[in-house]
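In what follows, every heavy atom counts, from backbone to side chain, and hydrogens, waters and symmetry copies are set aside.
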Amino acid sequence: MGLIEALRGTRDILPDEVRYWQRVEAIAAAVLTRAAFTEIRTPIFEQTGLFERSIGEATDVVGKEMYTFKDRGDRSVTLRPEGTAGVVRAYIEQGLHAQGSIQRLWYLGPMFRYERPQAGRQRQFHQLGVEILGTAAARADVEAIAVATDILRQLGLQNLTLQLNSIGDKGDRQKYREALVAYLTPYRLELDPDSQDRLARNPLRILDSKDARTQEILKGAPSMLDFLNPEAQVRFERVQSLLTDLAIPYQINPLLVRGLDYYSHTVFEIQSADLGAQATVIGGGRYDHLVAELGGPETPAIGWAMGLERLILLLKQLQPLPPATVDFYVVSRGEFAEAQAMLLSQQLRQQGFTVEMDVSGSAFGKQFKRADRSGAVACLILGDTEAETRTVQVKWMATGEQAAIAQSELSAYLHQQQPALKATQTADKG
RNA sequence: GCGAGCGUAGCCAAGUGGUUAAGGCAGCGGAUUGUGGUUCCGCCAUUCGUGGGUUCGAGUCCCAUCGUUCGCCCCA
């Protein structure tokens, strides 16, 4: 075409869709604020080393999915592929640990991963996430999960399942890894090629292979849960009993492992049956050593991130949002009338009304057509006659009734009509 | 990075090698130059994602490329 188009894996979010985003953002902010979480905004790009050290150099995210480049000062810079690393960096660098023993933070913004796009997966995508830093309490895990389920419930989403697992501490994982390799090695040649590869490099990832034969072999494999040390086991049981207390349903999934290196103990995902292969809407877990590994004080923490594109895919399936409407549509024609229309529009907006002023200068008939489409409850009409007499015609669109009102009385008149106005609008939106 | 499918207007599409590329929605203009939702009329793709090739002739066949969809992989 010769036209410049949006890059692969990026997309424009147009006004009709933005309304879904605003809804998610408003509900999430309200739920999080009520739970005493505060928002943090960190840079979209960071030193490459931050992600290499936190996410893990062996992971796919770091190894082959990062947008990394040299800036003009020859620094290696990376567009953030996830949110936790930047939050933890800020937590250490800004001394947040000194400002209170426990920090509850949330963030929202674009993330970047160089992957093959498909449904629910873009190269620039958006995550909303929370982090609770400064406590190893099982209650913190459950609070993080509860706040996630609250957001999803308030959005009205259904068909979601919470998958829960504990991957213990480093020692537990080491022992389990050995046991798993020992079990799988005799089956080596029966595994799918990817899993054969992972047997040496990252055997835990074999657990969530989708290959049918691999899954079958895994049925006889040792379970992570049998390798938890007594303390980790007690901890995991505590998480479960607290979830039960809150009536949050969950499924234990011993095959659930996560792709970022920093997780330990509690890991979880919330998945939807209504998405395709990219079914995970929320994923998270505990990361007790990350802060120290990045140079901060020993600080246990837990967090999760939510994929907003995926969430909005679900929201759209659920309930189309009614179109945006305005309270009043201002129709005007003629030099003086147009000037007065502009002034009146401004005044009404200052009083909290939503007012669309027709600036086309086209015939009255055309302006009324647009008024009709705008969803306005009433039209405010100004022509030469009204300009001369300093009046305005108020036409109620539903009934077609029209009244001449002095411009000086307009806002008083409209305020008086407001109950009827609201009733009409809610009825329209049904 | 791998495999498969698909690209015709802002959107949904018909078209399966032969003169001028259906139709619908939306939009714009008129009937109606001071009154909307209905109706009627008109306009809205020199071109089929892009580039090359085959052919007397290509939206239609071939190759490449870009984009997209589904799956693998990965992850939220």
Give, for atom CE of A:Met66 and atom CZ of A:Arg80, the distance between the pair rounded to the nearest 0.5 Å.
14.0 Å

Roughly how many Å apart are B:A58 and B:U16, using the C1' atom of each and rounding to a whole number?
13 Å

Nearest-Å distance once atom C1' is located in both B:C48 and B:C61:
15 Å

Mind checking who B:G17 pairs with, Watson-Crick or G-U wobble, both distances under 3.5 Å?
none

Give A:Arg198 one of three labels, base, sugar-phosphate or nothing, depending on what nucleic acid heavy atoms sit under 4.0 Å from its own.
sugar-phosphate

Nearest-nucleotide pick for A:Ala277, side chain only, options being B:C75, B:A76, B:C72
B:C72

I want to confirm an ordering. Mapping A:Asp60 and A:Gly276 to their closest nucleotides on RNA chain B, which one lands closer to the 5' end?
A:Gly276

Distance only, no hydrogens: is a donor on one side chain within 3.5 Å (strictly under) of an acceptor on the other, for A:Gln347 and A:Gln351?
no

Specify the separation, in whole Å, of atom CG of A:Leu191 and atom P of B:C73.
13 Å

Provide, to the nearest angstrom, the distance between the CG atom belonging to A:Asp192 and the C1' atom belonging to B:C2.
14 Å

Using 4.0 Å as the upper bound for N to carboxylate O, is an ion pair formed by A:Asp150 and A:Arg153?
yes

Between A:Arg198 and A:Asp194, does any side-chain N to carboxylate O distance fall below 4.0 Å?
no

Euclidean distance for P, B:U20 against B:G59 (whole angstrom)
10 Å

Just call it for A:Glu65: base, sugar-phosphate, or nothing, with non-hydrogen atoms closer than 4.0 Å on any strand.
sugar-phosphate

For A:Ile132 versus A:Thr135, what's the shortest heavy-atom pair and its separation?
CG2-CG2, 4.0 Å

A:Phe112 atom CZ is separated from B:C75 atom P, nearest whole Å, by 19 Å

Atom-to-atom span, CD of A:Gln196 to P of B:C73 - whole angstrom:
14 Å

Could you grab the distance from atom CG of A:Leu228 to atom NE2 of A:His265, nearest 0.5 Å is fine?
8.5 Å

Carboxylate-amine/guanidinium proximity below 4.0 Å for A:Glu216 and A:Arg213
yes

Is any side-chain N or O of A:Gln118 closer than 4.0 Å to OP1 or OP2 of B:G71?
yes

So, does the side chain of A:Arg205 form a donor-acceptor pair with the base of B:C75 at under 3.5 Å?
no

Using atom P in both nucleotides, what's the gap between B:G27 and B:U38 to the nearest angstrom?
10 Å

Comparing A:Thr280 with A:Lys64, nearest RNA chain B nucleotide closer to 5' gives the residue A:Lys64

Identify the residue among A:Leu380, A:Leu348, A:Val359 that makes a side chain to side chain contact (heavy atoms under 4.5 Å, CB included) with A:Val330.
A:Leu380

Mind calculating the distance between CG (A:Leu313) and C1' (B:C70) to the nearest angstrom?
14 Å

What is the distance, rounded to the nearest whole Å, between atom CZ of A:Arg113 and atom C1' of B:G1?
17 Å

Going by an N to O cut-off under 4.0 Å, is there a salt bridge joining A:Glu65 and A:Arg121?
no

Is B:U68 paired to anything, Watson-Crick or G-U wobble with both distances less than 3.5 Å, and if yes, which nucleotide?
B:G5

Contact class for A:Ala305 (heavy atom, under 4.0 Å): base, sugar-phosphate, or nothing?
sugar-phosphate

Determine the Euclidean distance between corresponding P atoms of B:U60 and B:U69; express it in Å to zero decimal places.
24 Å

Reading nucleotides 32-40 of chain B from the 5' end, what letters show protein touch, with B for base, S for backbone sugar-phosphate only, - for no heavy atom under 4.0 Å?
-SBBBB---

Which whole-number value in Å describes the distance from A:Leu128 CG to B:A76 C1'?
11 Å

Report the base-pairing partner of B:U54 (Watson-Crick or G-U wobble, both distances below 3.5 angstrom), or none.
none

Sidechain N-carboxylate O distance under 4.0 Å for A:Asp288, A:Arg286
yes

Under 4.0 Å, heavy atoms only, any strand: does A:Gly334 hit a base, just the sugar-phosphate, or nothing?
nothing

Closest non-hydrogen atom pair between A:Arg333 and A:Glu338, with its separation:
CA-OE2, 3.8 Å

In whole angstroms, the gap separating P of B:A76 from CD1 of A:Ile55 amounts to 9 Å

So for A:Arg121 and B:C73, does any side-chain atom that can act as donor or acceptor lie under 3.5 Å from a complementary atom in the base?
yes

In whole Å, what separates the P atom of B:U50 from that of B:G10?
12 Å

Nucleotide forming a Watson-Crick or wobble pair with B:C40, both distances under 3.5 Å:
B:G30

Table of protein N/O atoms under 3.5 Å from nucleotides 4-6 of chain B N/O atoms:
none

My understanding is that only residues two or more places apart in sequence, or in another chain, count here; which of them pass ring pair (Phe, Tyr, Trp, His ring centres under 6.0 Å) with A:Tyr67?
A:Tyr114

Taking B:G42 as the reference, what is the distance to B:C56 when you measure between their P atoms (whole Å, please)?
42 Å

Rounded to whole angstrom, note down the C1' distance from B:G52 over to B:G29.
42 Å

Sugar-phosphate only, base, or nothing, as touched by A:Gly129 at under 4.0 Å among non-hydrogen atoms:
nothing

